[in-house]
Structures are given as structure tokens and as C-alpha cells.
Amino acid sequence: PTDVAKVCSDLELLAQETFHVLLLNAKNYLINRQMATLGIADASLVHAREIFRIAVIEGATAAIVLVHNHPSGDPAPSAEDIRITKQIIEAGRILGIPVQDHVIIGRNSESGRNFVSLRESGVCDFAGNYLTRRRPLTNGLCRARETQHVHTENQRGIGAGGLPAGQGPENAHDHVG
């Protein structure tokens, strides 16, 4: 989540709430970042259909990361943030497009960070997708040959579908980061 917050740091000072989707390929490389909605000062209406329409059009059907800002500066998730995240996670399960995390960008928080990761905080169940068996994104957004990508490190030597690391389709830990 720290690396996601760095890539989306431009959202920190926006006066309007804006909701973005980070689109990942099968190796968790960042394909693109797309704005899903632009809201008002304290709300952004978003629906799962907009999120996954973007993912399918861009060809990023491996996984997505949700990101939005809180213009108030407080990145703490609202009840609505949690509700919509749960809906999007469920839609992703149905479509076979895992949601890795939802990161809320602000300017300050109790932790001293300018963001909150719903995955790290445990307020949403990201279970049911193999990426939840890995550590949260750390040192994950990298530049390789001028291309931004996201990678995760394997925590228990478990790859996709419970296979040993390196035998799953993602092999996300195999690239230089």
C-alpha cells in the first residue's frame, strides 16, 4: 500500500473526491491507472460496473487495486467506503478479477501515514483470491525499462491455487524489483 500511495500521491491535495483503478496483469505489473469517477467535495459515486468495465476494456483482468482520496485529509474509511469495497470485491469474485486492496489517500492519519489500506486494516475480507495469502504490497511499485509494475512477495511459498511458488500462473516474485 505504501507504493500504491506513492504512485497516487497526486490525489492527496485534490479538492474533489476521485476514485481510481490500478489495473494489473497476471504478473502484477501495473498496466494503467484509470479514473473511474470524479465526485464532489466529500463524495464520489462509484459502482462495480464502472470499475470492471475499465478493467475489461484495458485487458487487466488479472487483478485490480482500488484507490480514492478524501479531500478532508483524513484517510479513515467511511461506512460507505467499506460497503462499496465489499460490493466491488464480491463482483470481482464473480467475474474472476481479484481486488487486491483499496487504498484511501489523505494527508494525515493516526498512524502518521497519509493513507489507509483496507486490506491491512482488515475491515474488508479480500479472501477468496490467492493474493491475500501474500504480504501486502511492499516495495511493490517498481520501474523496469520505463514501465511501472506492481509485485508482491510470496509469504509462505504458496503460489496461485496453492501451488508451490513459481508454479502458479502469476510468478509475481520472479521479476527484478
Side-chain angles (χ1 to χ4, degrees), residues 1-8 11 19-34 36-37 44 46-56 58 60-70 75-106 109-111 113-142 149-165 168-173 177:
T2 301
D3 297 317
V4 171
K6 286 178 187 174
V7 165
C8 297
L11 304 180
F19 201 101
H20 293 245
V21 182
L22 301 183
L23 307 163
L24 310 177
N25 69 14
K27 292 192 176 205
N28 292 329
Y29 286 92
L30 178 61
I31 296 170
N32 204 349
R33 172 181 143 187
Q34 291 284 329
T37 63
S44 179
V46 67
H47 192 277
R49 71 179 157 257
E50 285 87 19
I51 301 301
F52 291 104
R53 178 183 56 81
I54 291 168
V56 171
E58 291 285 329
T61 57
I64 62 172
V65 174
L66 310 173
V67 184
H68 84 278
N69 67 312
H70 280 177
S78 67
E80 182 65 9
D81 292 337
I82 295 166
R83 185 190 67 76
I84 192 65
T85 301
K86 289 177 180 179
Q87 282 184 342
I88 294 170
I89 289 169
E90 185 57 31
R93 285 185 185 130
I94 292 166
L95 293 171
I97 303 174
V99 178
Q100 282 191 348
D101 201 351
H102 183 171
V103 177
I104 302 172
I105 308 289
S109 71
E110 292 177 13
S111 69
R113 300 189 309 184
N114 70 331
F115 66 90
V116 169
S117 160
L118 297 188
R119 182 174 181 209
E120 279 186 347
S121 67
V123 298
C124 290
D125 179 14
F126 289 87
N129 93 47
Y130 67 86
L131 295 168
T132 58
R133 287 182 262 173
R134 299 165 183 259
R135 286 182 281 192
L137 298 175
T138 57
N139 299 326
L141 294 179
C142 309
H149 60 275
V150 176
H151 75 277
T152 57
E153 295 176 23
N154 198 301
Q155 184 176 19
R156 293 190 191 118
I158 300 172
L163 296 172
E170 81 286 357
N171 292 330
H173 60 283

How many angstroms lie between [atom1] in [X] and [atom2] in [Y], if you round to the nearest 0.5 Å?
X: Q87; Y: R49; atom1: CD; atom2: CZ; value: 10.5 Å
X: C8; Y: L22; atom1: SG; atom2: CG; value: 4.5 Å
X: L11; Y: I105; atom1: CG; atom2: CD1; value: 6.0 Å
X: T2; Y: F115; atom1: OG1; atom2: CZ; value: 3.5 Å
X: D81; Y: L66; atom1: CG; atom2: CG; value: 10.5 Å
X: L23; Y: I64; atom1: CG; atom2: CD1; value: 7.5 Å

Work out which heavy atom in [X] is nearest to a heavy atom in [Y]; give both atom names and the distance.
X: F126; Y: I89; result: CE2-CD1, 3.5 Å
X: V123; Y: K86; result: O-CE, 3.7 Å
X: K27; Y: N25; result: N-OD1, 2.9 Å
X: A76; Y: H70; result: O-CE1, 3.0 Å
X: A26; Y: A62; result: N-CB, 3.3 Å
X: I82; Y: P77; result: CG1-CB, 4.1 Å

Exactly one of E80, R119, H102 should register a side chain to side chain donor-acceptor pair (under 3.5 Å) with T85. Which one does? H102
Which of R33, Q34, H68 passes side chain to side chain donor-acceptor pair (under 3.5 Å) with H20? It is R33
Working note: F52 + V21, criterion side-chain contact (heavy atoms from CB on, under 4.5 Å); need CA distance, chi angles, decisive distance, verdict. CA-CA 9 Å; F52 291 104; V21 182; over 6 Å; no
State whether R53 and E58 are salt-bridged, where the test is any N-O pair (Lys NZ or Arg NE/NH1/NH2 against Asp/Glu carboxylate O) under 4.0 Å. no
Look only at the side chain of E120 and the backbone of S117, and say whether a donor-acceptor pair between them is shorter than 3.5 Å. no
Report the C-alpha separation of I51 and V46 in whole Å, then their side-chain angles, then the decisive distance to 0.1 Å, and conclude whether the side-chain contact (heavy atoms from CB on, under 4.5 Å) test is met. CA-CA 8 Å; I51 301 301; V46 67; 3.6 Å; yes
Are L30 and L24 side-chain neighbours, meaning at least one heavy-atom pair lies under 4.5 Å? yes
Would you say that V65 contacts V99 through its side chain, given a criterion of any heavy-atom pair below 4.5 Å between the two side chains? no
